Amino acid sequence: MADGGGIWVGRSWPDGWDVRHVAETGSTNDDLLAAVEDGSAGHRSALATDHQTAGRGRLDRRWEAPPGANLLVSLAFTEGTGDPAHLVQRVGVAAVDAVRALVDEPELVGLKWPNDVVVDDAKLAGILAARSSVTGAVVVGIGLNTSWSPPGGADLGGAVHPAEMLRRLLGALELLPGDAGVAYRDRLATLGRRVRVQLPAAPDLVGRAVDVDDRGRLEVVDDRGATHVLDVGDVVHVRPTPG
Ligand code: BT5
């Protein structure tokens, strides 16, 4: 194991989480989903790795990170309501809270709809949920740039080891109320912003993001005053032009 892996072993994790660590794998989301389905991982199991060779984003996109640089982890939720959209929101809120406690300008850390942790609008972390069609269990993966980020992204400059970042993330998750909807909206930097939304099969939508409904859908009012309710899409926070 490149970093010895020792920092992951023998720790006690918040709230009874059982964290396993491997040096390298394809995707922790794929592995943990398979483990949940074959019964070898249960509620509050986590799988972390130093390196993914096939890290997944949404829509077949890739999640990139050099070996050992960043937190790459998946969390299994096999009990409770198991709504993937709500679980993604919970993990996002916890990540924001954990990161805010580490940085000099916490007010710059927030969420970009639907699933990104951003620092001053640059992407620090991405979150991806997968649901087992066999058991209904949900796995939520997060890649959080502790040391490395691609051009245009953000990272924490190596201020924290990935294992310590995970401990803080799980600790923040434990502190959330049962319904994290209010906390999610509070941290959602997208609300009230002018946005450009790239949609999978339609021209870009430009308007103001006004709300998120209880299913996690984003409401955008376009420049003609029409409201659009979005399930999917890539949001760009449009910066006001100076002057
Ligand atoms: C996401 O997708 O943001 C979800 C990323 C989830 C990654 C975790 S890591 C552990 C677990 N196992 C997995 O296989 N996945 C999860 P999306 O919104 O589609 O964003 C993907 C896009 O983000 C890419 O197309 C790049 O443009 C950009 N990107 C890739 N790596 C990045 C990084 N390290 N930092 C910032 N942006 C990145």
Side-chain angles (χ1 to χ4, degrees), residues 8 17 19-36 41 45-77 84-85 87-92 94-96 98-99 109-132 137-158 160 162-163 165-166 169-170 173 188-190 195-200 216 218 230-237:
W8 295 93
W17 279 87
V19 178
R20 302 171 203 181
H21 172 266
V22 295
E24 180 179 294
T25 187
S27 156
T28 57
N29 262 25
D30 292 355
D31 292 355
L32 191 57
L33 202 60
V36 162
S45 297
L47 179 66
T49 191
D50 294 336
H51 187 221
Q52 294 184 129
T53 53
R56 292 179 185 282
R58 292 175 299 152
L59 308 169
D60 288 333
R61 292 186 290 222
R62 294 291 302 269
W63 188 256
E64 309 285 351
N70 293 341
L71 175 61
L72 305 165
V73 68
S74 297
L75 311 175
F77 300 90
L87 289 166
V88 165
Q89 289 184 0
R90 292 184 78 76
V91 173
V96 167
V99 170
V109 182
L111 291 165
K112 181 165 76 78
W113 186 88
N115 65 347
D116 293 348
V117 178
V118 292
V119 182
D120 199 17
D121 288 339
K123 186 160 175 168
L124 175 76
I127 301 171
L128 181 69
R131 177 174 218 151
S132 167
V138 177
V139 164
V140 180
I142 177 166
L144 195 156
N145 300 331
T146 48
S147 290
W148 175 90
S149 53
D155 62 71
L156 297 177
V160 60
M165 190 68 242
L166 177 59
L169 173 68
L170 296 177
L173 205 52
L188 190 60
T190 308
V195 293
R196 187 172 71 248
V197 191
Q198 292 151 358
L199 300 167
L218 185 68
L230 307 176
D231 277 311
V232 290
D234 286 300
V235 169
V236 177
H237 291 161

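Just so it is clear, the structure is predicted and the values come from calculations on it, not from any experiment. Counting convention: from 1, in listed order, for ligands and their atoms alike.
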Please verify whether a non-hydrogen atom of Ala65 lies at under 4.0 Å from ligand 1.
-> no
Charged N to carboxylate O under 4.0 angstrom, Arg20 versus Asp31?
-> no
Asp121 bridged to Lys112 by N-O distance under 4.0 Å | no
Of all the atoms in ligand 1, which lie at a distance below 4.0 Å from a heavy atom belonging to Asn29?
-> 11 (C), 12 (N)
Any idea which part of Asn145 is under 4.0 Å from ligand 1, heavy-atom wise: side chain, backbone, both or neither?
-> side chain
Ligand 1 contacted by Leu59 (non-hydrogen, < 4.0 Å) = no
Evaluate the side-chain proximity of Val117 to Leu144: yes if any heavy-atom separation is below 4.5 Å, no if none is.
-> no
Do any N/O atoms on Asp234 end up under 3.5 angstrom from N/O atoms on ligand 1?
-> no
Under 30°, 30 to 60°, or over 60°: which ring-plane class applies to Trp17 and Phe77, parallel, tilted or perpendicular?
-> perpendicular
Any Gly153 heavy atom less than 4.0 Å from ligand 1 | no
Is there any N or O on Ser27 that sits under 3.5 Å from an N or O of ligand 1?
-> yes
Which atoms of ligand 1 sit under 4.0 Å from any heavy atom of Glu64?
-> 30 (C), 31 (N), 33 (C), 34 (N)
Could any protein non-hydrogen atom be found less than 4.0 Å from atom 27 (O) of ligand 1?
-> no
Side chains of Leu75 and Val139: closer than 4.5 Å at any heavy-atom pair?
-> no
From Arg62, Lys123, Arg56 - option closest to atom 17 (P) of ligand 1 by heavy atom | Lys123
Can you find a non-hydrogen atom of Ser149 under 4.0 Å from ligand 1?
-> no
Atoms of ligand 1 close to Trp148 [distance to a heavy atom under 4.0 angstrom, numbered from 1] | 34 (N)
